[in-house]
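Have a look at the structure below before the remarks.
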Number of protein chains: 2
Amino acid sequence: MTLRDVSEASGVSEMTVSRVLRNRGDVSDATREKVLSAARELGYVPNKIAGALASSRVNLVAVVIPSLSNMVFPEVLSGVTSVLDRTDLQPVVGVTNYRPDREEKVIYEMLSWRPSGIIVAGIEHNDACRKMLAGSDVPIVEIMDIDGEPVDSVVGISHRRAGRMMAQAILEQGFERIGFLGTQMPLDHRARKRFEGFTETMAKSGLEIVDQEFYAGGSALKKGREMTEAILGRNEDLDFLYCSNDMIGAGGLLWCLEQGIDIPGKLGIAGFNGTEFLDGLPRRLATMDTKRFETGQRAAEIVAARADGTSTEPVRIEIAPAIDFGDTLQRYKP
Amino acid sequence: MTLRDVSEASGVSEMTVSRVLRNRGDVSDATREKVLSAARELGYVPNKIAGALASSRVNLVAVVIPSLSNMVFPEVLSGVTSVLDRTDLQPVVGVTNYRPDREEKVIYEMLSWRPSGIIVAGIEHNDACRKMLAGSDVPIVEIMDIDGEPVDSVVGISHRRAGRMMAQAILEQGFERIGFLGTQMPLDHRARKRFEGFTETMAKSGLEIVDQEFYAGGSALKKGREMTEAILGRNEDLDFLYCSNDMIGAGGLLWCLEQGIDIPGKLGIAGFNGTEFLDGLPRRLATMDTKRFETGQRAAEIVAARADGTSTEPVRIEIAPAIDFGDTLQRYKP
DNA sequence: CTGAAAGCGCTAACAG
DNA sequence: CTGTTAGCGCTTTCAG
């Protein structure tokens with residue numbers, strides 16, 4: 001089933017059929033109708049492969065993310081989709097599982113389709129990736145991290161600054177014996193940078209993380225409970241738990257409430273991300289909203305602007321994360 | 001940057017370059033080396049558009065789902081990915097937001113790329129979609145619902161049966177005054193079928209749903225709380241809450257525990273899906289595991305088998321959902 | 001407003 | 001083991 005079939009069925013040249021089907025150029029209403037009805041009749045679906053090759057235009061936008069199990073990435077994707085839906089661009093998702101070798105393969109694969117843009121999570125890539133991205137003439141938008149040298153455009157928060165902000169907020173509330181609960185992910189650069197920013201600010205006050213726990217796999221909520229129990233078992237005098245994501249924090253919070261621990265009187269807790277699901281817990285967990293949806297939107301807008309020729313320059317957008325004190329961080333209420 | 005450039009740089013014919021780059025046919029080690037180093041030097045990334053057009057083979061597998069905000073769909077996608085990762089196939093995601101017009105557009109778009117397969121959530125589609133799918137010679141796998149007439153292959157659970165099973169389990173525990181908490185989604189056919197199966201089995205015992213609540217938008221956990229409060233406010237004598245997903249059930253459970261309501265002595269609760277996050281709540285919510293990951297795997301296997309010519313027949317796989325009684329459904333422990 | 005000719009960059013099919 | 005010849009199905013470009 002090709003254009004030629006429609007052409008023959010309608011008695012109109014292939015070229016004109018093509019024009020009708022793409023709404024390009026002027027075509028008389030009579031021919032248009034002939035063509036459309038023939039196409040409908042035959043159930044013709046154009047072949048984009050051929051179209052893309054001929055026009056060297058591809059309406060795909062690659063979105064490369066580390067994971068789908070962590071809701072933050074689907075959320076970014078929703079932001080991307082919400083913008084692309086207004087254009088004729090289509091997102092295509094690639095998942096790397098936080099592995100540089102997978103990232104390399106996924107990016108290579110994506111580039112080989114010559115998409116209208118690539119939106120990729122993170123600003124840290126191995127040399128091969130960086131070289132491929134830079135060498136392609138596809139618009140690149142790195143997202144969710146701006147601490148580093150972008151290849152092209154970049155949209156996101158500074159995780160170092162986020163870590164510093166949270167540390168500062170915690171210290172200002174008078175907390176001093178702080179424990180850290182995180183994920184075991186040597187390749188999660190954003191978590192690392194956050195941690196670095198956090199400890200840096202603590203160090204300025206002459207403080208250090210008292211103890212820490214890491215987990216991998218399983219229900220983050222459950223792990224949050226377990227790690228909280230473990231770290232508090234080892235350190236009775238902890239007065240704050242800083243968690244690298246909301247689920248861990250929520251698990252910790254639930255466990256503490258069950259134990260009857262005074263939150264935040266005796267122990268403060270904070271998570272990270274500002275997940276919607278925090279809404280509905282017995283107590284509002286303190287967190288930092290990282291605006292994933294908005295990040296996805298901004299990134300998609302940059303790609304869309306490049307695709308329609310509106311813009312051509314690299315763009316840098318720093319998203320400001322917002323601390324949400326919730327009920328677990330503000331120790332001394334006025 | 002084309003094959004021709006690599007050919008000229010290496011002094012090897014385009015055809016042989018193509019062979020080397022695809023690992024096809026026999027090529028001497030010497031030429032292979034020449035080609036590979038030239039390609040590397042130039043940073044050549046093959047153009048799959050051209051390749052696909054010439055070979056009429058596309059390594060993309062379309063996955064069409066209603067939403068990304070509901071974790072069950074990313075979970076299916078993970079299953080798909082886990083299988084495709086072992087092949088040279090690549091998933092491409094399309095999101096419909098539960099809207100038939102969007103589904104139509106997404107499927108049309110996907111088909112126009114002539115993918116190696118289409119995995120689409122649900123078995124209910126409008127005529128246009130059904131016709132497109134049936135008319136394409138792309139392998140189709142409908143997933144997550146088998147109550148109906150599939151276009152081609154199908155993998156999933158019977159939601160009618162799931163609803164009946166849950167009703168039966170609840171009735172066997174002696175619960176009789178049952179309320180329903182659901183989502184406001186006239187187009188969520190799976191939820192509807194489940195509800196139908198549920199009420200059907202109740203009717204056989206001469207029972208009806210006592211009252212119901214529906215919500216749309218916002219945190220499902222929070223809405224679960226609010227709806228629980230509302231429905232119990234109206235019906236003091238309810239002895240069971242059947243929820244159309246785990247998040248609602250979890251919200252209800254948290255609220256009841258805070259109120260000191262005896263669960264499941266006075267009130268039983270059940271959710272649906274078997275979400276990982278239930279692991280970590282104060283009490284294990286009863287639920288029904290729908291095996292999303294496995295569903296994704298089976299679907300991907302069907303597509304992969306079609307792609308490599310191993311199989312050619314339509315397949316029907318019924319996944320058996322498993323009731324998890326948790327701590328909120330088993331009223332009379334032995 | 002409509003059509004004819006010439007590719008887009010690659011690979012199938014055949015020769016050697 | 002290597003090369004040549006034709007396209008794949010569409011769109012660009014240029015003429016009417």
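Sequence lines set the chain letters: A, B, ... in the order given, protein chains first and strands last, and positions in each chain run from 1.
In the displayed structure, B:Arg22 atom CZ is contacted under 6.0 Å by more than 12 heavy atoms of other residues, nucleotides or ligands. A 6.0 Å sphere centred on CD of B:Glu318 holds more than 12 heavy atoms belonging to other residues, nucleotides or ligands.
Here the shortest heavy-atom pairing between A:Ser153 and A:Ile302 reads OG-CG2, 3.8 Å. Scanning both residues, A:Met144 and A:Arg292, for their nearest heavy atoms gives CE-CG, 4.2 Å. When every heavy atom of B:Ala39 is checked against every heavy atom of B:Leu21, the shortest pair comes out as CB-CD1, 4.5 Å. Closest of all the heavy-atom pairs between A:Val63 and A:Pro91 is CG2-CB, 4.3 Å.
Terminal axes of the helix from C:dC1-D:dG16 to C:dG16-D:dC1 (five pairs each, C1' rotation axis) are separated by 30°, to the nearest 10°.
Side-chain contact check for A:Ile319 versus A:Val155: some heavy-atom pair is nearer than 4.5 Å. Under the 4.5 Å side-chain criterion, counting only non-hydrogen atoms from C-beta, B:Phe73 is not in contact with A:Pro74.
On the nucleic acid side, DNA chain D contacts chain B at distances under 4.0 Å to non-hydrogen atoms, with the end points of that region at D:dC1 to D:dG9.
Checking side-chain atoms of B:Asp145 against main-chain N and O of B:Arg190 turns up no donor-acceptor pair under 3.5 Å. Side-chain N or O atoms of B:Ser116 include one that pairs as donor or acceptor with a backbone N or O of B:Val58 at under 3.5 Å.
A:Arg306 pairs by the salt bridge (Lys or Arg N to Asp or Glu O under 4.0 Å) definition with A:Asp152, not counting sequence neighbours.
Within residues 29-62 of chain A, the residues approaching DNA chain C are A:Thr31, A:Leu53, A:Ala54, by heavy-atom distance under 4.0 Å. In the region residues 3-22 of chain A, proximity to DNA chain C at under 4.0 angstrom, judged on heavy atoms, holds for A:Val12, A:Ser13, A:Met15, A:Thr16, A:Arg19.
Counting only residues at least two apart or on different chains, the side-chain hydrogen bond (donor to acceptor under 3.5 Å, both in side chains) pairs with a member in residues 44-53 of chain B are A:Glu109-B:Lys48.
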